[in-house]
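Values in this document were obtained by computation on a predicted structure and should not be read as measured data.
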Amino acid sequence: MTSTSVAIINQHAPFDASHGKEAQDLALIFGSYEQQVSMFFIGDGVYHLVQNQSPDQISAKDYLKTYAAFEFYDIEHIHVCSDSLAKRSLTPAFSIDNVSTLSPQEMAEKIKQHKAVFTF
C-alpha cells in the first residue's frame, strides 16, 4: 500500500456538533491504514486541545480523551494556530503532547504539503 499524506483541519469547537468527533475518527481510520496523517486546529478548533474539559456537565461523551491514542496510530504531526490561540486568550498548554504552534502562514505552508485535505 502506498502512503498518502492527509491533512485534517478541525475548525469547530468540540461538542457543538459532530465535526470534531468525525475529524478524529477520520484521522484514526487513516492512521490504522498507515497513512501519514497531520492534524490542524484552527479557529474554535483549538478548544479540542484545552486541558481539563468537563463534557459530562453538558451530557456529552468525552471523545477528547481519544487524542491520547494518536501516538499508537503514528499520528505525530499535530499543529495549532498561534493566532487562534491568541484571539481566544489561550496559552499553549495542551491535553496531548507533541503539539506544534504555528503562525497562519506556517500552517498554510504545511497544509499545502499534503496530497489530501479534509476540513471539519
N/O donor to acceptor pairs below 3.5 angstrom from side-chain atoms of residues 23-32, sequence neighbours left out:
from: Gln24; atom 1: NE2; to: Tyr63; atom 2: O; distance (Å): 3.0
from: Asp25; atom 1: OD1; to: Lys21; atom 2: NZ; distance (Å): 2.6
from: Ser32; atom 1: OG; to: Leu28; atom 2: O; distance (Å): 3.4
from: Ser32; atom 1: OG; to: Ile29; atom 2: O; distance (Å): 2.7

>> Quick check for you: to the nearest 0.5 Å, what is the distance between Ser18 atom OG and His12 atom NE2?
In response: 9.5 Å
> Backbone N or O of Lys115 within a donor-acceptor pair of the Ser5 side chain at under 3.5 Å?
Replying inline: yes
>> If hydrophobic clusters are built by linking Ile, Leu, Val, Met, Phe, Trp and Tyr wherever their side-chain heavy atoms come under 4.5 Å apart, do Tyr47 and Phe120 end up in the same one?
In response: yes
> When rounded to the nearest 0.5 angstrom, what distance separates OG in Ser38 from CD in Gln113?
Replying inline: 8.5 Å
> Does atom OH of Tyr73 have more than 12 heavy-atom neighbours, drawn from other residues, nucleotides or ligands, at distances under 6.0 Å?
Replying inline: no
> Tell me the ring pair (Phe, Tyr, Trp, His ring centres under 6.0 Å) pairs involving residues 77-114, sequence neighbours left out?
Replying inline: Phe40-His79, Phe40-His114
>> Thr91 vs Leu85, test: side-chain contact (heavy atoms from CB on, under 4.5 Å). Steps then yes/no.
In response: CA-CA 7 Å; Thr91 59; Leu85 290 173; over 6 Å; no
>> Checking Ser103 now: which residues fulfil side-chain contact (heavy atoms from CB on, under 4.5 Å) with it, not counting sequence neighbours?
In response: Ser82, Gln105, Glu106
> Given the rule in the side-chain contact (heavy atoms from CB on, under 4.5 Å) test, do Gln36 and Val6 qualify, once you have shown the distances and angles that lead to the verdict?
Replying inline: CA-CA 6 Å; Gln36 180 189 346; Val6 177; over 6 Å; no
> By ring pair (Phe, Tyr, Trp, His ring centres under 6.0 Å), which residues pair with Phe70, not counting sequence neighbours?
Replying inline: Tyr67
> Any salt bridge (charged side-chain N to carboxylate O under 4.0 Å, His left out) pairs touching residues 74-95, not counting sequence neighbours?
Replying inline: Asp44-Arg88
>> Taking Met39 as the starting point, is it possible to reach Leu102 by hopping between hydrophobic residues whose side chains are less than 4.5 Å apart?
In response: no
> Same hydrophobic cluster for Val46 and Met107, using side-chain heavy-atom links shorter than 4.5 Å among ILVMFWY?
Replying inline: no
> Excluding sequence neighbours, so at least two apart, what forms side chain to side chain donor-acceptor pair (under 3.5 Å) with Glu71?
Replying inline: none
> Under the criterion side chain to side chain contact (heavy atoms under 4.5 Å, CB included), which of Val80, Val99, Ile8 is the partner of Phe41?
Replying inline: Val80
> Nearest 0.5 Å, what's the CG-CG distance between Asn10 and Leu49?
Replying inline: 8.5 Å
